[in-house]
Amino acid sequence: MSAPQPAVMIGGTVDVAANSAFDEARLRAYLAGRIPAFSGPMRVQKFEGGQSNPTFLLSTPDARYVLRRKPAGVLLKSAHAVDREYRVTRALFEAGLPVAEPLVLCEDDDVIGTMFYVMRHVPGRSFWDPRMPGLDPAERAAIYDSANETLARLHLVDYAALGLSDYGRPGNYFARQISRWTRQYEASRTRDIPEMERLIAWLPGAVPETGDRTTIIHGDYSFHNLLVHPTEPKVSAVIDWELSTLGDPLGDLTYHMMEWSRPDGVDVRGTLQGADLGALGIPTALEYARSYCERTGFGGDPTHPFYRAFNLFRVAAILQGIAGRARDGVQTGANAEEIILRVEPLARAAWIAAQEAGAS
């Protein structure tokens, strides 16, 4: 199947639709008592896209803020944990990492209907297409290097010193992730996909040995979750921490490196496959992995096909969760049906990668 032409950048806002609306006056009154210098009037807009935690732009005469909330309806266990997002970004902000400053967490469903948190708005560019059309090669090279440096910096943070020792379970990251996404896939199943069944059987015994290494990981580290400075080629903030946990940093790196290996036609973000990387100013996957390993001192082979199989499987399971929510009448984005159609091609691509890694 062919994917729609990816947008150059994302992050636009639209008026809040009726099915996403909440009591704005009540929210304004709540925030006025908890965020210093907050005062109305307040305009609320919804960021386009977003299949998980709906995200809104709050504009006042003096400042702009971003609100992330749990969606309404019956939710999968452990999903949409905006309180976890608040906790980790609070710790990372105080440690000087490039994240938006979280300001207030509201666990009272009576305010807008579900739990939410509010952070300061960080202006920036969010690239959907990894080829970053319209930039010159030097700017692309600098942005890729900044993304690499930012990820390495995150993985070198002493999470225990930040009070995050209980943020996840150390060790056995890939085994735990395979188990988690297998459960989500099965809980959200809408049709039988033979390749997913083969992957579920093969992945647990195929994890490469990398040692017992644990760091904070973002869980969805991709250019669409990086805010690049409006005029400078550097990362200003990493956003959307819903899937963050403690785990093997190669999980983050190899997911991010899907930009180079993602099959054509399975993701609207496109792919670097077939691109003239030298002309674009973009490093090869091997060069990018080497830069990361030099910065962190970590070993392992991020280009091993197991990681492609794992990450494609993981994305397929995540999207299957969206299919399940659509089935159950809980749909937080306008393009859920289009996303459902991508699960099977992702599963097929994951099984091809698994076969490259020795599966049969």
Side-chain angles (χ1 to χ4, degrees), residues 2-12 48-49 97-100 122-156 217-240 249-305 307-308 311-312 315 349 353:
S2 60
Q5 183 67 28
V8 176
M9 289 187 285
I10 57 174
E48 292 181 298
L97 274 291
V99 296
V122 176
R125 298 170 285 170
S126 183
F127 291 94
W128 197 234
D129 186 342
R131 302 187 191 200
M132 301 178 183
L135 303 187
D136 62 56
E139 187 172 11
R140 284 193 201 93
I143 291 171
Y144 268 76
D145 189 62
S146 180
N148 187 291
E149 187 272 338
T150 300
L151 186 61
R153 188 177 166 196
L154 170 66
H155 292 163
L156 292 174
I217 61 173
H218 178 271
D220 193 9
Y221 195 86
S222 185
F223 283 110
H224 75 285
N225 282 328
L226 302 181
L227 293 180
V228 176
H229 189 280
T231 59
E232 300 176 30
K234 65 179 183 180
V235 175
S236 294
V238 183
I239 61 175
D240 192 351
L250 283 188
D252 254 358
L253 176 64
T254 58
Y255 174 84
H256 176 43
M257 287 177 60
M258 288 177 69
E259 305 285 16
W260 285 264
S261 62
R262 184 183 295 119
D264 190 27
V266 299
D267 195 297
V268 294
R269 287 173 291 184
T271 178
L272 294 176
Q273 275 197 357
D276 186 342
L277 299 179
L280 290 171
I282 295 173
T284 66
L286 183 58
E287 290 168 340
Y288 197 80
R290 284 175 175 167
S291 293
Y292 169 88
C293 291
E294 289 171 0
R295 284 177 161 130
T296 60
F298 298 156
D301 178 10
T303 63
H304 192 290
Y307 297 113
R308 281 189 284 123
N311 283 300
L312 287 164
V315 173

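- Between Pro302 and Leu250 the shortest heavy-atom distance is CG-CD2, 4.0 Å.
- Side-chain contact between Glu287 and Leu277 is absent, with no heavy atoms from C-beta onward closer than 4.5 Å.
- With a 4.5 Å cut-off on side-chain heavy atoms, Leu135 and Arg125 count as touching.
- Using cut-offs of 30° and 60° for the angle between ring planes, the Tyr288 and Trp260 rings count as tilted.
- The minimum heavy-atom distance linking Met132 with Tyr144 is given by the pair CE-CE1, 3.7 Å.
- With 3.5 Å as the limit, one finds a donor-acceptor pair spanning the side chains of His155 and Asp252.
- When every heavy atom of Val238 is checked against every heavy atom of Val99, the shortest pair comes out as O-CG1, 3.9 Å.
- The OH atom of Tyr255 sits 7.0 Å away from atom CZ of Arg262, with the distance rounded to the nearest 0.5 Å.
- Inter-residue side-chain proximity for Arg290 and Pro283 is flagged as unmet; no heavy-atom pair is nearer than 4.5 Å.
- Taking both residues in full, the closest heavy atoms of Val122 and Leu227 are given as O-CD1, 3.4 Å, listed atom of the first, atom of the second, then distance.
- Closest non-hydrogen pair, Arg140 versus Arg131, comes out as NE-O, 2.7 Å.
- Put simply, CG on Leu312 and OH on Tyr307 are 15.0 Å apart, with the number rounded to the nearest 0.5 Å.
- Qualifying side-chain contact (heavy atoms from CB on, under 4.5 Å) partners for Gln273, counting only residues two or more places apart in sequence or in other chains: Thr271.
- When all heavy atoms of Ile217 and Pro249 are compared, the pair lying nearest together is CG2-CA, 3.9 Å.
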